[in-house]
Protein chains: 8
Amino acid sequence: MADRDHTPDIHREARLGFDEAVFCAHKRTEQLQRILDHAQDNQRSLLLTRLAPEQIAALPDAYRERIDYDTVSRTGIWGARPEPTSTARIALVSAGTSDSAVAAETIRTLAYYGEACHEIHDVGVAGIWRLLERVDEIRPMPVVIAVAGMDAALPSVLAGLVPGIVIAVPVSTGYGVAAQGHAALHAALASCAPGLVVVNIDNGYGAACAALRAMRAMGSGARATDG
Amino acid sequence: MADRDHTPDIHREARLGFDEAVFCAHKRTEQLQRILDHAQDNQRSLLLTRLAPEQIAALPDAYRERIDYDTVSRTGIWGARPEPTSTARIALVSAGTSDSAVAAETIRTLAYYGEACHEIHDVGVAGIWRLLERVDEIRPMPVVIAVAGMDAALPSVLAGLVPGIVIAVPVSTGYGVAAQGHAALHAALASCAPGLVVVNIDNGYGAACAALRAMRAMGSGARATDG
Amino acid sequence: MADRDHTPDIHREARLGFDEAVFCAHKRTEQLQRILDHAQDNQRSLLLTRLAPEQIAALPDAYRERIDYDTVSRTGIWGARPEPTSTARIALVSAGTSDSAVAAETIRTLAYYGEACHEIHDVGVAGIWRLLERVDEIRPMPVVIAVAGMDAALPSVLAGLVPGIVIAVPVSTGYGVAAQGHAALHAALASCAPGLVVVNIDNGYGAACAALRAMRAMGSGARATDG
Amino acid sequence: MADRDHTPDIHREARLGFDEAVFCAHKRTEQLQRILDHAQDNQRSLLLTRLAPEQIAALPDAYRERIDYDTVSRTGIWGARPEPTSTARIALVSAGTSDSAVAAETIRTLAYYGEACHEIHDVGVAGIWRLLERVDEIRPMPVVIAVAGMDAALPSVLAGLVPGIVIAVPVSTGYGVAAQGHAALHAALASCAPGLVVVNIDNGYGAACAALRAMRAMGSGARATDG
Amino acid sequence: MADRDHTPDIHREARLGFDEAVFCAHKRTEQLQRILDHAQDNQRSLLLTRLAPEQIAALPDAYRERIDYDTVSRTGIWGARPEPTSTARIALVSAGTSDSAVAAETIRTLAYYGEACHEIHDVGVAGIWRLLERVDEIRPMPVVIAVAGMDAALPSVLAGLVPGIVIAVPVSTGYGVAAQGHAALHAALASCAPGLVVVNIDNGYGAACAALRAMRAMGSGARATDG
Amino acid sequence: MADRDHTPDIHREARLGFDEAVFCAHKRTEQLQRILDHAQDNQRSLLLTRLAPEQIAALPDAYRERIDYDTVSRTGIWGARPEPTSTARIALVSAGTSDSAVAAETIRTLAYYGEACHEIHDVGVAGIWRLLERVDEIRPMPVVIAVAGMDAALPSVLAGLVPGIVIAVPVSTGYGVAAQGHAALHAALASCAPGLVVVNIDNGYGAACAALRAMRAMGSGARATDG
Amino acid sequence: MADRDHTPDIHREARLGFDEAVFCAHKRTEQLQRILDHAQDNQRSLLLTRLAPEQIAALPDAYRERIDYDTVSRTGIWGARPEPTSTARIALVSAGTSDSAVAAETIRTLAYYGEACHEIHDVGVAGIWRLLERVDEIRPMPVVIAVAGMDAALPSVLAGLVPGIVIAVPVSTGYGVAAQGHAALHAALASCAPGLVVVNIDNGYGAACAALRAMRAMGSGARATDG
Amino acid sequence: MADRDHTPDIHREARLGFDEAVFCAHKRTEQLQRILDHAQDNQRSLLLTRLAPEQIAALPDAYRERIDYDTVSRTGIWGARPEPTSTARIALVSAGTSDSAVAAETIRTLAYYGEACHEIHDVGVAGIWRLLERVDEIRPMPVVIAVAGMDAALPSVLAGLVPGIVIAVPVSTGYGVAAQGHAALHAALASCAPGLVVVNIDNGYGAACAALRAMRAMGSGARATDG
């Protein structure tokens, strides 16, 4: 079944401005090895998301040692990555410590693509003074990523306070009606705050990519308005 | 089928401190008439909830004219009701004008049982300054009823700001994932704010009854601690 | 119940860069009148969304005649609005004629805030050549709004083809499993295309506001990178 | 990522009358240590909820030995706690032995804040004589917490029998349609008994906090009625 | 499309002990006429369920006048029916007046097949004394049908009090989480009371048929134990 | 927390004709021991359902050795049990080998209460000749229990073929839309076959109890018709 | 908004072997007119599905008179259509008269494309002899379309009896758990019968198109096996 | 309980053209052994699906060594199987490497029944050029099986591009709204592409059987078209 190998979307960078990451959940050791071999042969870097500790442990040493692995975000980076920008244009705001894994996936993805980000954590709305004290740091940012589980009231409040693009990332923490993040997802989608946009539950990688699209659009914005 | 008549829970007032209201949805004209006749024969007042305009229009004049009907809350009151308390101990806070029907059901129920309530409307969290400006009015209240649809972030924020009993009433406004109030219900139940309690979607009547239970408990509190 | 009146979020424009629209579903005639009176007294324009023909027909002539009403999008505009930009920086792509009401709400909202938009309709993926023929028109746009019901494959395909910010608006057309737009919503959220963002089902207004946030961010981008 | 640390809501006690508990599910060992260190530095007590045996086992001895851990409720207490009140004003009523973990979380939370509670267990409605025999003990209590899984008929029956504030805690026991507690949650929310309020599935902690709010409100009630 | 006509299950009575009823929802006038013509030609009686007033109004006079129609249960009877049994062996217990349409469908179905039934109404568990006062009437019955909407605690309590076959009929009354009867259905299925059986929401006809099966089984029971 | 002990429903046998079984899921070792001690002290037999191998392994030898444990049904029997009836009046029909655990729970429960049952397995409707060949064995039975997962067409077909009481037990086998038995549950509830009754998913115990109620009712039927 | 017009997928016939039908739900009068004008200008025939009587009534006479409209299937045919094949290779089997609208949509679609079909109606499994009597007519057919609502056991039984391609069309009849056809859909998808395929609820059109694909494949099969 | 043994559907091959496979999930070791013994006694081959590595490891050597087991597809083959056809008439198209387990189950099933299949992998629509480059290979195939998880846009796009029978297999990969494959299932069912048919989530076996039915129908097609 040689035909069933990985066919990387090699022109993605040219089309979208950033290359393809590898979603590692459900992948077997031999699939991961083939993907890394292909990157090696083509001298490409790779971002590996949802890479479980058991998966990385199962890789032969020669592969494992070359992966920069982060246990909180469960991401691995293979190969070089750019220096981050010196000034952050993206704010990453999270509601509580339970959201840290998803927040970390976002931050690592941005870092892989060379974007710094300004982090503000543990400012959930149950103690809203924590958010209000820091809103002046967030307001100038063109893109704000709001990571929150449970009732996810944080993105709604934020999108009513700041003018930038606000991207909600619902998180699958909690229990009962909150479990698996559907309450958070629905709250973010049903928000009264105008123009809040949403990605899938726990999709820190997707929120980072949306922010990258915005960064690219801002860079190319002048041209677009001229054209 | 004479046996199928209404059997009012006549001892409810003695047991619970307030008598039975009549939930009028799904009731036919002849059922409503028998219920009103029974109240008349026993010289009781009645609160009628979910009474549709078509239902009241279908009643004979002799019944209809004696009902104090409110179109916003869809409630009717048959017979006398007490003077309201001069000082409100209950705050009713709503997020938007779309919540007014449910808020009105709560207010009418409280009024029927003689409780005044302090109303604060249109303070949804998408413009959180509106709520923060008025939090000092709400904080001293032992009971706060928060009425909100869509993402229902208001009850969470409120329960983090004030020490009283906070009762969330999710409202079935909105569309898409918000429709029928389930996003609001789940957000209120999954709230990070400690001790927020919740009633069924659109159940303004139930929230008022919970507040009445709290009022009764506060009155009888001294005795209970002695016993 | 004088307190229950509309409390407009009057500082929203200063905070967010665009003022508050009025979501008219569930609003009674007298509520609409008070809102319009308030706008009149403060010499503000207003965008009215989800305004049903029956609602506008129930308004007194003096109000109705001053509203620029569009039956397809069910939006009304009260007062003046700016000239649109001469060059479109936003593409509006829709899958089929069944999506036209939601697409129209987006276009009207953008127009109310002075943004032109480049429209491409009826390019659903069941006949993918229709989309591929027009992808060169879409690729230069910094923001692309993709409106689609049923299986909503269009946003996924688009987000894999163009580098801009892609905002999916799921539409509540279809029947069976598609009904009410949840299949479309879930397909857009679960998309493999990186960085696709999503708004609530049928929320054409919200997608337009997100695009406006991006337009503002692009304008202010230079300052942010300096700060 | 030093910024990602725990930011405790230190003014919560002043605002709400009780301090913040730590929800330990999803927290890693190093996060728990930082939280405990912070409490140590500020000489605060802490209630730790949803603390799994594996989590406590993973803590270094110096931390673990100072935590008063209860395996049934999965709660830990760090530091001193007040003497309980001599007279219980709160009844805790549970339906079956399967509800004991959630009941225990409620009881431990109340104990942490110094509230005694009167416990009545195993009185589910399938053998209703068990409840009826004990209703006289429950009736004088200003607050009743009803813990029940499966069909959760207990809170409904109780709320029809006693005048106090009745707080339903649905429990995630059972299987098939009952699983995860949604049948119990919906039954409690849809109850015909007036004024029954509900917290999230398995949220024994939240029910205790709601009871604490009521206790505080009863203490401050006299003042509120004067003001 | 002559082939698309009604093909009655003419041997059903021989196989099951009772003949086929006609479920009239979704049926057009011409379909109803063909079914009635067929019954006429074969000199059979017919029970028509879910027959809407508009459907009966649309039938030609010659058909309409021969149908014994009941507006509460929405059932029609065409042709003769047996005298009811003089002694009821089936109890029909309902929770509230909102359940009367479904209760009536059950009673009419039993009557059509010649079974009397002992009716007890309006004994929902929110005022449990109403049920307890009448439990001695119910206990001797071999079959008990419990009709209840909202939280449907009645079947659970009943099945714990009486030894007969208890059949729960969930009712689609209520609103919010109760709406369409799913909370009632799930509560009945998840009941702790042993041996409670359940039919579909609003399926009063089905509950009656189950009772008929039990009546037939009781009649044939002696034979079966011998065989 | 001595009060939190097991309170057995000791009069259940007098009320319902069979005593209480112990649902062991979620029960800890010490809870099980207290329950068994109580049975020992009162010289009662006990049926233990949902008793996992790990639970029985954790019990001290003195308890474990006295339990008659069956690994397929996960049931344990403590103490004596009656001789089964010599003639089966109950048929147990299952669709496939995947249903055997649930079928076994039913059979063991019936055996515990002294009822024999006629077993017919592996007659799912995908090869309907298997069922048709054996329908003559099933037809004379006053009670038929149909155990089936996946699409659960077996109970529908059976209830159209035999006149007895047919009790469907949906089984949580399968995957995708079938998983957890909801497709089977809904198919059984929505069945066109008249008078089919249903218990919760995997509730083999409940189906057996319903059959026992029917057996008792058949025994007492004569008296009831007289009374 | 001239751009928002209908863009028919004009090459569909070349690609797929059959042209595009028009799904008329949600379409306004002016949209329908533009579509019909376009067909007129291009001398094409059109199949119009989900065309409500109100929609056809709202069309100007010149359009309405040229549409061959069928009220049962709610389909319209504009222009010429081919003679049907003389021999049916497709069987259409339906469970009950409530399924006739969906069955009719399938039959009309097949007729529009020139395929005859062998119809067998009212053979639901609650009286399985009706189906078994006719299985010999169905077995030789290469394609069988099974239309059924409620519990949809018919497709499962059929797919176990005949060797052809069996396409299940779940129907949105019924009430309670059956409503909107999800129980039928899930039962068909979870069927134990191997190789049963399914289309969306009520999608008679889609089932017909699948059958057409099979007819085309059968015609081209020889070539494919050579290639 | 000897009666509870496996009753194979031995005439299935004669009826359907292919014999019965064994779905091994939920089966215990002794059940598997009895099934294999039966096959041995009757000299039949067997396809074993959903056979977990733990299940095969638990079998005695004499059984295990005779099973041709594939870890990716989790299928086992017992006994001989036919040579595959030399020319593939079935295309198997998959969206990503996460779909390989389900794709492999399909391929193994086809191989067991002697059908070759043309495999094309990793052509998900996020990089649609990958699919477009290979569409000419797919177009001539009379049957196309499209395996895809997440948003499952691939089957929709494919069914708009090729004329054959297109069978969608939704895959339970992904997370959040995609998890368990319901988003993919609904997207496939709601597809705008005409005539797309669907099997249960992860049902690679079922898709293969549907393809086999089509192959058999094509074989018999000539006769049908002649008749």
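Below, chain A is the first sequence line, B the second, and so on; all start at residue 1. The shown structure was predicted, so the numbers you read here are calculated from the model rather than taken from an experiment.
- For the atom pair E/I201 CD1 and F/L189 CG, the distance stands at 8.0 Å (nearest 0.5 Å).
- The choice from F/G206, F/A210, F/A21, F/P194 that makes the most heavy-atom pairs within less than 4.5 Å of chain E is F/P194.
- Contact detail for F/I167 and E/V197: the closest heavy-atom pair is CG2-CG1, 4.4 Å.
- Put simply, CZ on E/R213 and CG on F/L196 are 7.5 Å apart, with the number rounded to the nearest 0.5 Å.
- In this structure, CD1 on E/I165 lies 4.0 Å from CD1 on F/I165, to the nearest 0.5 angstrom.
- Heavy atoms closer than 4.5 Å to chain E are found nowhere in F/A188, neither backbone nor side chain.
- The number of heavy atoms from other shown groups lying within 6.0 Å of CD (E/E30) is above 12.
- In terms of heavy-atom pairs under 4.5 Å with chain E, the best-connected choice from F/N200, F/V199, F/V143 is F/N200.
- Environment of CD in F/Q180: sparse, with no more than 12 heavy atoms of neighbouring residues, nucleotides or ligands closer than 6.0 Å.
- Heavy atoms of F/F23 lying under 4.5 Å from chain E are absent altogether.
- Ranked by heavy-atom pairs under 4.5 Å with chain E, the first of F/A208, F/A159, F/A207 is F/A159.
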